[in-house]
Amino acid sequence: MPELPEVEVVRRGLERWVCGRTVEHVQVVHLRAVRRHQGGPVDFASRLAGRTLGAAQRRGKYLWLALDPGDGDEALVGHLGMSWQLLVQPEQAPDETHLRVRLTFTDGGRELRFVDQRTFGGLAVEPLAASGVPAALEHIARDPLDPLFDDVVFGQALRRRRTGLKRALLDQSLISGVGNIYADEALWRARLHYARATETMTRPATARLLADVRAVMAEALAQGGTSFDSLYVNVNGESGYFDRSLDAYGQAGQPCARCGTPIRRDPFMNRSSFSCPRCQPRPRAGHW
DNA sequence: GGGTTAACCTGCGGGC
DNA sequence: TGCCCGCAGGTTAACC
């Protein structure tokens, strides 16, 4: 579910449905969901009660809402992990199987529910740093759709790395928002192998890669927007709104859209990497 | 200190 | 049918 385009869809949903409302009560259904909050679940709930939620903001795959905007120095920070959904639900709607945290509001309107199967994500109240970003997120790099993302600095940092290209793309301290799906899609578009040594990435190659990362994210975002359901703050992984557009990820055995060669799946970082063996040949040791 | 791996969870689908 | 295994869009702690 949650790479940059999906998280951005959630952010827009929060902006529309939750921003400006005052929290009445917080119910922590599952302790693990707030494990990152320093003070524990009771403190988490008491810090949120009575606070008004400000604008929804995002960095990479993280979201936050300032508390009591204008004079607050704290924010409600969330990460969606692998399987989170944030749902805006009527009070009478039955609890979801994996409901982890519930927020109700003083206006008596729809409640905000944090639903997660694997509990890899979580919520916390965090102090805001002087930069305006939650202190816990200051190590997260800007994302490629951020106007302040610096392509030149990224290229220099990339060449200083001594690792494979996809590992670098997934490193949120170097570039944020890119996950396994869009890394594979961007590498396919750029005709680059995931294991290509980062120090061999020339300026033009880096520029092309960044352009492809941005293009695939923008396309996914556009499609995520069309499937937005007004009842939910919705990222619907099951319906797979972008699935039809995927050229590499999950396409093992399917013909490459460019050359017809079957897409191949390789084990990668306890996961998978999908690529076209012909368009994205594995770099030979000592070359490039 | 940088790079890499293992672990954290639950559920689902495929193979036997 | 049922069990076991591998796999899942992420991050972090701990290890070289």
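Here is the naming used below: chain letters follow the sequence lines, and residue numbers restart at 1 for every chain. Not measured: the values here are computed from a predicted model.
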| request: Considering just the side-chain nitrogens and oxygens of A:T119, establish if one lies under 4.0 Å of OP1 or OP2 belonging to B:dC8. | output: no
| request: Side chain of A:E3 only, please: which of C:dG9, B:dG3, B:dT5 is the nearest? | output: C:dG9
| said: If you compare every side-chain N and O of A:H98 against the phosphate oxygens of B:dG11 (OP1, OP2), does one of them come in below 4.0 Å? | reply: yes
| Among C:dT12, C:dG9, B:dT5, the nucleotide that comes nearest once only the side chain of A:M269 is considered | B:dT5
| A:Y249 OH - C:dC7 P separation (whole Å) | 12 Å
| field | Spacing between A:W84 atom CH2 and C:dT11 atom P, to the nearest angstrom | value | 14 Å
| task | Write down the distance between CZ (A:R162) and P (B:dG2), rounded to a whole number of angstrom. | result | 13 Å
| request: Check step by step if side-chain hydrogen bond (donor to acceptor under 3.5 Å, both in side chains) holds for A:E6 and A:Y182. | output: CA-CA 11 Å; A:E6 293 74 25; A:Y182 298 116; 2.6 Å; yes
| remark: Across every strand shown, the nucleotide meeting Watson-Crick or G-U wobble geometry with B:dC9 (both distances under 3.5 Å) is none
| message | Do A:R167 and A:F268 form a cation-pi contact, if we require the NZ or CZ to be under 6.0 Å from the six-membered ring centre and within 45 degrees of the ring's axis? | response | yes
| query | Taking OP1 and OP2 of B:dC8, is either one under 4.0 Å from a side-chain nitrogen or oxygen of A:R35? | reply | no
| note | Whole-Å distance, A:I140 CD1 to C:dT12 C1', equals 11 Å
| remark: Looking only at C:dC7, C:dT11, B:dT4, the nucleotide nearest the A:R265 side chain is C:dC7
| query | Would you call A:F120 stacked on B:dC9, i.e. ring centres under 5.5 Å apart with the planes less than 30° off parallel? | reply | no
| task | Counting heavy atoms from C-beta on, name the nucleotide in B:dG3, C:dT12, C:dG9 closest to the side chain of A:Y62. | result | C:dT12
| said: Rounding to an integer number of Å, can you tell me how far A:E8 CD sits from C:dG9 P? | reply: 22 Å
| query | What nucleotide among B:dG3, C:dG9, B:dT10 has an atom nearest to a side-chain atom of A:M82? | reply | C:dG9
| remark: A:D184 atom CG is separated from C:dA8 atom C1', nearest whole Å, by 14 Å
| query | A:W188 ring centre to A:R258 NZ or CZ under 6.0 Å, with the angle to the axis within 45°? | reply | yes
| Which is true for A:R160 with a 4.0 Å heavy-atom rule: it touches a base, it touches only sugar-phosphate, or it touches nothing? | nothing
| A:R118 vs C:dT11: side-chain N/O to OP1/OP2 distance below 4.0 Å | no
| query | Considering the options A:E185, A:K166, A:E3, which one meets the side-chain hydrogen bond (donor to acceptor under 3.5 Å, both in side chains) requirement together with A:N180? | reply | A:K166
| message | Please verify the inter-ring angle class for A:F154 with A:F149; under 30° counts as parallel, over 60° as perpendicular, anything in between as tilted. | response | tilted
| task | Kindly point out which of B:dG3, C:dT11, B:dC8 is positioned nearest to the side chain of A:H79? | result | C:dT11
| said: Please determine whether side-chain hydrogen bond (donor to acceptor under 3.5 Å, both in side chains) holds for the pair A:D266 and A:S273, giving the CA-CA distance in whole Å, both sets of side-chain angles, and the decisive distance to 0.1 Å. | reply: CA-CA 5 Å; A:D266 292 320; A:S273 230; over 6 Å; no
| message | When you measure from the side-chain N and O atoms of A:S83 to the phosphate of B:dT10, is any distance below 4.0 Å, counting only OP1 and OP2? | response | no
| Nucleotide B:dG3, atom C1' - distance to CG of A:D171 in whole Å | 10 Å
| said: Base, sugar-phosphate or nothing for A:N270? Non-hydrogen atoms, less than 4.0 Å. | reply: base
| Proximity to the side chain of A:H139 - top-ranked nucleotide from C:dT12, C:dC7, B:dT5 | C:dT12
| query | If we take the P atom in both C:dG9 and B:dG3, what is their distance in whole Å? | reply | 23 Å
| task | Using a heavy-atom cut-off of under 4.0 Å over every strand shown, decide if A:R100 touches base, sugar-phosphate, or nothing. | result | nothing
| field | G-U wobble or Watson-Crick pairing nucleotide for C:dG9 (cut-off 3.5 Å, both distances) | value | none
| field | Test applied, side-chain hydrogen bond (donor to acceptor under 3.5 Å, both in side chains); reference residue, A:E96; option that passes from A:Q89, A:Q85, A:R102, A:Q117 | value | A:Q89
| request: Sticking with atom P, work out how far B:dC9 lies from C:dA14, rounded to a whole angstrom. | output: 14 Å
| field | Below 4.0 Å: OP1/OP2 of C:dG9 and any side-chain N or O of A:K61 | value | no
| message | Using whole Å, what does the distance between atom P of nucleotide C:dT12 and atom CD of A:Q172 come to? | response | 9 Å
